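Some notes on the structure that comes next.
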There are 2 protein chains.
Amino acid sequence: MSSKEKTILAAIEIFSQKGKHGARMEEIAKEAGVNKSMVYYYHSSKENLYREVLKKIFYKIFLYSFSELERIQSEEMIYTERIEVIIRVFSKIYSENPNYTRIIINALANEPEDVKYIIRFLKAENDFIRPEKLLDLIEQATSSKALRKIDAKQTMISIIGVSMIYFIGKPIMEIMLGLDLEDEDVFLKERQDSLVDLVLNGIVNRPE
Amino acid sequence: MSSKEKTILAAIEIFSQKGKHGARMEEIAKEAGVNKSMVYYYHSSKENLYREVLKKIFYKIFLYSFSELERIQSEEMIYTERIEVIIRVFSKIYSENPNYTRIIINALANEPEDVKYIIRFLKAENDFIRPEKLLDLIEQATSSKALRKIDAKQTMISIIGVSMIYFIGKPIMEIMLGLDLEDEDVFLKERQDSLVDLVLNGIVNRPE
DNA sequence: ATTACGTTTGACCAAATCGTCTAACTATAA
DNA sequence: TTATAGTTAGACGATTTGGTCAAACGTAAT
């Protein structure tokens with residue numbers, strides 16, 4: 001792996017632990033196993049490195065989620081099944097990449113303009129990034145009476161966002177609910193099932 | 001207002017804009033209209049000031065949400081109405097205090113241990129902080145058949161978390177969905193209604 | 001061997017920034 | 001008036017930290 005690549009991976013690790021300002025360039029270099037000058041040689045500044053990191057993370061998440069979306073569109077499924085898969089895909093992305101999740105949450109809260117710029121950039125560069133696809137799916141499902149009359153945009157936000165919740169509120173939940181994290185995997189699985197259950201029941205159409 | 005109080009309010013403002021590490025003690029002092037020495041005089045260190053801020057924020061949020069919970073428990077309402085009020089209360093807290101929301105999100109992502117410590121502390125000091133109350137409400141509603149057979153803990157997390165989503169995903173949504181923020185208030189209102197609709201439909205019991 | 005080019009190193013700088021210290025100011029009580 | 005306690009100001013110190021630089025290293029082509 002190139003020094004450039006190693007640096008970005010290390011940066012993801014450190015930024016996710018310490019946040020943008022909390023992270024130290026020296027520490028990132030050490031984690032990457034390269035000289036600090038190398039970091040600057042390839043990424044010119046902390047600001048820049050941070051943007052590279054965001055770009056990489058969003059790219060990977062988009063790549064994965066849109067290819068899954070593509071896949072289920074080509075398969076034989078009823079609408080609610082498709083929606084279920086989508087919810088599980090997002091849950092999976094967040095839970096399997098907790099440090100991506102942390103960085104994204106931080107960026108959204110602190111550098112929303114950076115995030116906007118990067119997403120715009122990625123959308124312009126990569127044809128496969130097409131949020132309309134998810135929107136269309138929801139709208140089709142609605143007009144086919146598989147789903148109730150719901151606002152597709154709002155539903156899309158809810159689906160994407162709801163899967164992120166557990167990670168955000170983990171410490172609160174641990175104390176509030178007296179959760180015992182020894183069985184975190186079990187809890188996460190239940191969490192996912194519960195979300196699927198909640199959302200599907202919330203949007204599905206029930207003929208009288 | 002005392003200098004100590006002014007400092008905390010200023011700190012909330014600056015921490016919410018810049019994050020814990022991004023915030024400068026000098027800037028906080030300036031915002032508070034006091035000398036930097038005063039900040040140290042009252043709060044001894046940045047670390048300490050940050051914890052004071054978290055304490056204050058969580059206290060206020062708990063105070064508001066639990067008193068609302070208390071209020072609706074004393075009123076004549078059916079279970080689903082109570083749940084609806086709760087969802088709207090949480091949405092309101094987050095949307096009316098965006099800087100609290102940002103700080104909390106940051107703290108949860110970056111200093112989860114601090115958050116745990118503070119919530120434990122607040123719970124020990126303040127009798128009114130009783131998460132069981134919300135849990136009980138959901139459980140009662142379930143056993144009275146007003147709600148489907150759902151896991152109360154999971155539902156509680158979903159209710160609290162789902163209201164936070166809009167703030168977290170705002171930039172993503174703006175670009176993904178091409179939202180036009182001139183009518184943000186309208187959008188937020190629709191967002192809240194949509195959430196209430198989704199969650200209530202998701203958990204309510206429907207006799208065959 | 002020499003050139004050339006990308007890569008790597010460690011020392012170094014300048015600015016930022018947390019935190020301290022001492023002296024002074026204010027108000028209240030004796 | 002004097003004493004005391006709480007409060008404020010601003011300069012200063014020590015360290016951290018983002019960022020730079022010139023020199024060296026490796027390697028592959030000429």
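Keep in mind the model is a prediction, meaning the values are calculated, not measured. Chain identifiers are assigned alphabetically (A, B, ...) following the order of the sequence lines, protein sequences preceding nucleic acid strands; residue numbering begins at 1 within each chain.
- Nucleotide D:dT16 holds its P atom 15 Å from the NZ atom of A:K46, rounded to whole Å.
- Here A:A23 lies in heavy-atom contact (under 4.0 Å) with sugar-phosphate atoms only.
- Atom P of nucleotide D:dT16 and atom NE2 of B:H21 are separated by 15 Å, given to the nearest angstrom.
- In the set D:dG18, D:dG10, C:dT7, the nucleotide with an atom closest to the side chain of A:Y40 is D:dG18.
- Summarising the geometry, the separation between OH on B:Y41 and P on D:dA5 is reported as 11 Å, rounded to the nearest angstrom.
- Taking 4.0 angstrom as the limit, B:S45 places none of its side-chain polar atoms (N or O) nearer than this to OP1 or OP2 of C:dC18.
- Taking every side-chain heavy atom of B:N35 into account, D:dT8 is the closest of D:dG19, D:dT8, C:dT8.
- Contacts of B:M38 with the nucleic acid, taken as non-hydrogen atoms under 4.0 Å apart, include base atoms.
- Judged by distance alone, with hydrogens and angles left aside, the side-chain atoms of A:T101 form a donor-acceptor pair with the main-chain N or O of A:Y94 at under 3.5 Å.
- Toward the 5′ end of DNA chain D lies the nearest nucleotide of A:M25, the other residue of the pair A:S37 and A:M25 mapping further downstream.
- Rounded to whole Å, the distance from NZ on B:K6 to P on D:dT7 is 12 Å.
- In this structure, B:S194 contributes its side chain and A:Q154 its backbone to no donor-acceptor pair below 3.5 Å.
- We find that NZ of A:K30 is positioned 15 Å from C1' of D:dT17, with the value rounded to whole Å.
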Under 3.5 Å, which donor-acceptor pairs link side chains of residues 123-131 of chain A to any protein atom two or more places apart or in another chain?
{"residue": "A:R130", "atom": "NE", "partner": "A:E132", "partner atom": "OE1", "Å": "3.4"}

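- Ring planes of B:F62 and B:F66: tilted class, angle from 30 to 60°.
- No hydrogens or angles were tested; on distance alone, a donor-acceptor pair under 3.5 Å links the side chain of B:K36 to the base of C:dG19.
- OP1 or OP2 of D:dT7 sits under 4.0 Å from a side-chain N or O of B:Y42.
- The OH atom of B:Y50 sits 15 Å away from the P atom of C:dC18 (whole-angstrom rounding).
- In this structure, the NE2 atom of B:H43 is 13 Å from the C1' atom of D:dT7, given to the nearest Å.
- Note: NZ (B:K20) to P (C:dC18) measures 12 Å, nearest angstrom.
- Considering only side-chain N and O atoms, B:R24 lies under 4.0 angstrom from the phosphate OP1 or OP2 of C:dC18.
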- From CA spacing to verdict: side-chain contact (heavy atoms from CB on, under 4.5 Å), B:E13, B:I28: CA-CA 8 Å; B:E13 189 58 38; B:I28 290 171; over 6 Å; no
